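To start, the structure itself, in structure tokens.
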Amino acid sequence: MLRTRLSDTARLAVSGTLAAALAVTAIPAHAQVADHDGVKEAKTVVEIWLEAQMAYEQIPSFQASVVHDQELVGSWVMGMAHPDRGEAATTETLYSICSISKLFTSIGVMQQRDLGRLTLRDEVGDLLPWFDLDQQFEGSPSITVEGILTHSAGLPRESDHPYWSGPDFPFPERQAIIDGLDNQETLYPARQYFQYSNLGLTLAGEIVQEVSGTEYHDYIRTNILNPLGMDDTFSDIPEEHRGGRLATGYSNMTRDGDRKEVAFFQAKGIAPAAGSASTAEDLARFASWQFRLRGDAEEILHAHTLDEMQRVHYVDPSWNTFWGLGFRTYERNDKTVVGHGGSCPGFRSQFMTVPAEKIATVYMANAMVNSGKFTNGIYDLMQGAIQAAAEDDGEDDVAQDGASSSGGTSIVDRLEAAGSRWTAQEKEKDGPDLTPYLGTYSGQPWGGERAVIQWKGGMATIGLPTDNPLRSITRFKHIEGDTFRRIRSDDELGEALIFERDAAGDVTGFRVHGNLSPKVR
């Protein structure tokens, strides 16, 4: 079964700069961010965390990436694309990205808007003559293009078909969706509530096809994917890669601690809302396009149109849901985040960007996992080091809120002025070689593990598994020999951590308050 397979999985090595620069962009003139020591340290910690989470959560495989502006700073791939065959995932393995498809569809709508073929205020029924879903609320505002892009049109969540039901997931063909509208009615008056709607974005794809005169999949390939060099992205899961490049999907965890294989599916008529398959590196290209589309630039869209899409256009009356035009837009730790998630049978994915910092993280797995936890964790571990490296290279636009670097001040001062959560720890002069201490130590029966890592030029530990890796890091200061002391949040020193060695001089464990944690790997 999957559980046994994963325990024997040979994990692939991390590629820090797997592609030194993205295929469709130029390499910046200054040194690459990925080459900086702090970024390399952070990438190693990300690798340790991702590997532990994969093992503890029994995730068959995943891809992940982190982008700064036009540079692919880090790319990770681990595990098995096809566990039953023992076939490892690679950077070319395809994963369903499900609702991230909505971003491509929304871009297609806005391209047609900019060509003057529709407006955001147009009624869906005027653009799609066959649209006859019953409006059950007298006096409701119209169901408009803007309404379906912001999930505020009052439409039901789904087409009238049980396509999320296993074991076969019977997604409907296009005509079945159209015919099914006769049996459906609005769920709410338009503009009253947020209701996430796969039906709505399916209709958006139909609008692209209708007004452009081009079949939907051909349109997305010709007008979005090909120009961006996204050759490994498909607007519906490619049948020809079933059992090959396309990873096998797996369920959520069952009571027996296992995951079950999920049947192959294609979204068919629902493809504009949930059909796409891609790789983490292709979504990195997608992120870099968004970061370079600034000012008066035009590529796929005009920069002003992308800005328009990524601004909040609808706020739910509860004030806990915000949406742009296709993009989810929200605030996290006082920073604006823009992106989208995906969840389809056997797959989860997340695409997250912080436009002000030009940082993006991507995660996709062939199992039902919390993908947002991983993009958040990668961002939290990498963000400070990336900002420090970029500022060290003299970039003027990486500090949050547009703060520019100022000559004569340290990296730490500049980052603190920008409100960064990361601060540097000076590398201790004449400190010990930390290599013998690095590794994983048992926390049983109280917890999983503690990994000893190198962090900000010194030693630290991180508790594993954890949903919040940055907060799980504890820093230590070298005192003498094999003795270190915890650095408290107020920079005072706390309890000692003392490593033990065997007769050969190899580190075998550490003690805190006299209690032993053996080294296990």
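FYI, side chains are in, hydrogens and waters are out, and symmetry mates aren't considered; it's all heavy atoms of this structure. Since the structure is predicted, the reported quantities are computational estimates derived from the model, not experimental observations.
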Would a 4.5 Å heavy-atom cut-off, applied to side chains only, mark Ser106 and Leu201 as touching? yes

Determine whether Leu133 and Leu199 make a side-chain contact, defined as any pair of heavy atoms from C-beta on separated by less than 4.5 Å. yes

Residues Lys373, Glu57: salt bridge by 4.0 Å N-O rule: yes

Thinking salt bridges, do Asp122 and Arg117 make one under a 4.0 Å N-O criterion? no

If we count only N and O atoms by modelled type, under 3.5 Å, do the side chains of Thr150 and His313 hold a donor and an acceptor together? no

Donor-acceptor pair, Arg85 side chain versus Gly243 backbone, under 3.5 Å? yes

Could you please spell out the steps behind the side chain to side chain contact (heavy atoms under 4.5 Å, CB included) verdict for Thr279 and Thr91? CA-CA 7 Å; Thr279 67; Thr91 56; over 6 Å; no

For a 4.5 angstrom cut-off between non-hydrogen side-chain atoms, does Leu155 reach Ile148? yes

Is it the case that the side chains of Gln266 and Asp236 hold a donor-acceptor pair, with the cut-off being a distance below 3.5 Å and no angle test? no

Dump the intermediate steps for side chain to side chain contact (heavy atoms under 4.5 Å, CB included) on Met253 and Met368, then the final yes or no. CA-CA 8 Å; Met253 294 286 283; Met368 308 304 287; over 6 Å; no

Exceeds 12 heavy-atom contacts within 6.0 angstrom, atom CD of Glu185: yes

Could you check whether any side-chain N or O of Thr105 sits under 3.5 Å from a backbone N or O of Pro272, counting only pairs where one atom can act as donor and the other as acceptor? yes

Residue pair Gln290 / Gln310, side-chain donor-acceptor N/O under 3.5 Å: yes

Check whether any side-chain N or O of Asp69 sits under 3.5 Å from a backbone N or O of Lys358 as a donor-acceptor pair, and report yes or no. no

Any chance CG of Asp37 has more than 12 other-residue heavy atoms, nucleotides or ligands included, within less than 6.0 Å? no

Does Arg332 count as lying over the ring of Tyr330, i.e. NZ or CZ under 6.0 Å from the six-ring centre, within 45 degrees of the axis? no

Check each of Ser101, Ser96, Ser235 against Ser276 using the side-chain hydrogen bond (donor to acceptor under 3.5 Å, both in side chains) test, and report the only one that passes. Ser101

Measure the CZ-CE distance between Arg328 and Met352 for me, rounded to the nearest 0.5 Å. 10.0 Å

Sub-6.0 Å ring centroid separation between His151 and Phe194: yes

Can you check ring-ring contact (aromatic ring centres under 6.0 Å, His included) on Trp76 and Phe62, steps first, answer last? CA-CA 8 Å; Trp76 299 265; Phe62 71 86; 8.5 Å; no

Are a donor atom and an acceptor atom from the side chains of Tyr219 and Gln112 found within less than 3.5 Å of each other? yes

Cut-off 3.5 Å, side chains only: do Thr305 and Asp114 have a donor facing an acceptor? yes

State, to 0.1 Å, how close Val262 and Tyr250 come at their nearest heavy-atom pair, and which atoms those are. CG2-C, 3.6 Å

Any donor-acceptor pair under 3.5 Å from Ser349 side chain to Met364 backbone: no

Distance alone, cut at 3.5 Å: any donor-acceptor contact between the side chains of Glu158 and Tyr163? yes

Side-chain donor-acceptor contact under 3.5 Å, Arg292 with Gln70: yes

May I ask you to say whether Arg245 pairs ionically with Asp232, meaning some side-chain N is under 4.0 Å from a carboxylate O? yes

Which of Val354, Thr353, Thr329 passes side-chain contact (heavy atoms from CB on, under 4.5 Å) with Thr336? It is Thr329

Quick check: are there more than 12 heavy atoms from other residues, nucleotides or ligands sitting under 6.0 Å from OH of Tyr193? no

Testing Phe104, Phe286, Phe327 one by one against Phe351 for a ring-ring contact (aromatic ring centres under 6.0 Å, His included), which residue passes? Phe286

Does either side chain, that of Lys260 or that of Asn252, offer a donor lying less than 3.5 Å from an acceptor on the other one? no

With side chain to side chain contact (heavy atoms under 4.5 Å, CB included) as the test, would you mind laying out the steps for Glu210 and Leu127 before giving the verdict? CA-CA 7 Å; Glu210 181 73 22; Leu127 298 172; 5.7 Å; no

Would you say Arg348 and Ser343 are linked by a side-chain donor-acceptor pair, where the criterion is simply a distance under 3.5 Å? yes

Taking every heavy atom of Val211 against every heavy atom of Leu118, the minimum-distance pair comes out as CG2-CD2, 4.0 Å

Hey, does Tyr441 have a side-chain heavy atom less than 4.5 Å from the side chain of Val520? no

Heavy-atom closest pair (Ser197 atom, Pro156 atom, distance to 0.1 Å) is OG-O, 2.8 Å

Pair Tyr196, Ser99: side-chain N/O donor-acceptor within cut-off below 3.5 Å: yes

Kindly determine whether Leu283 and Ile97 satisfy side chain to side chain contact (heavy atoms under 4.5 Å, CB included), including the steps that lead there. CA-CA 10 Å; Leu283 290 188; Ile97 58 170; 4.3 Å; yes

So which heavy atom on Ile300 is nearest to which on Pro227, and how close? CD1-CB, 3.3 Å

Please find out if less than 6.0 Å separates the ring center of His241 from that of Phe234. yes

Does the Glu71 side chain pair with the main chain of Ala34, one donor and one acceptor, at a distance under 3.5 Å? yes

Minimum-distance pair of heavy atoms, taken over all atoms of Ala365 and Tyr95: C-CD2, 3.6 Å

Strictly distance-based, threshold 3.5 Å: is any side-chain N or O of Arg157 a donor or acceptor partner for the main-chain N or O of Asn198? no

Side chain Asp168, main chain Pro170, donor-acceptor under 3.5 Å: no

Once the angle between the rings of Phe374 and Tyr363 is folded into 0 to 90°, is it parallel (under 30°), tilted (30 to 60°) or perpendicular (over 60°)? parallel

After noting the C-alpha distance and the side-chain angles of Lys40 and Asp35, does the key distance pass the salt bridge (charged side-chain N to carboxylate O under 4.0 Å, His left out) rule? CA-CA 7 Å; Lys40 291 178 181 178; Asp35 293 336; 5.4 Å; no

Residues Ser288 and Val67: closest non-hydrogen pair is OG-CG1, 3.4 Å

Taking the side chain as every heavy atom from C-beta outward, state whether Leu181 and Trp130 have any pair of such atoms under 4.5 Å apart. yes

Is Arg113 salt-bridged to Glu146, going by a charged N under 4.0 Å from an acidic O? no

Expected output: side-chain Glu215 to main-chain His217 donor-acceptor under 3.5 Å: yes

Asp282 side chain to Thr233 main-chain N or O, any donor-acceptor pair under 3.5 Å? yes

From Asn226, Thr214, Asp231, residue fulfilling side-chain hydrogen bond (donor to acceptor under 3.5 Å, both in side chains) relative to Arg221: Asn226

Check: Trp164 ring centre within less than 6.0 Å of Phe171 ring centre: yes

Any chance you could measure Arg259, atom CZ, to Ser251, atom OG, to the nearest 0.5 Å? 7.0 Å

Within a strict 4.5 Å, meaning less than it, do heavy atoms of the Ile177 and Lys268 side chains meet? no

Answer yes or no: is there a donor N or O on one side and an acceptor on the other, between the side chain of Gln111 and the main chain of Asn223, under 3.5 Å? yes

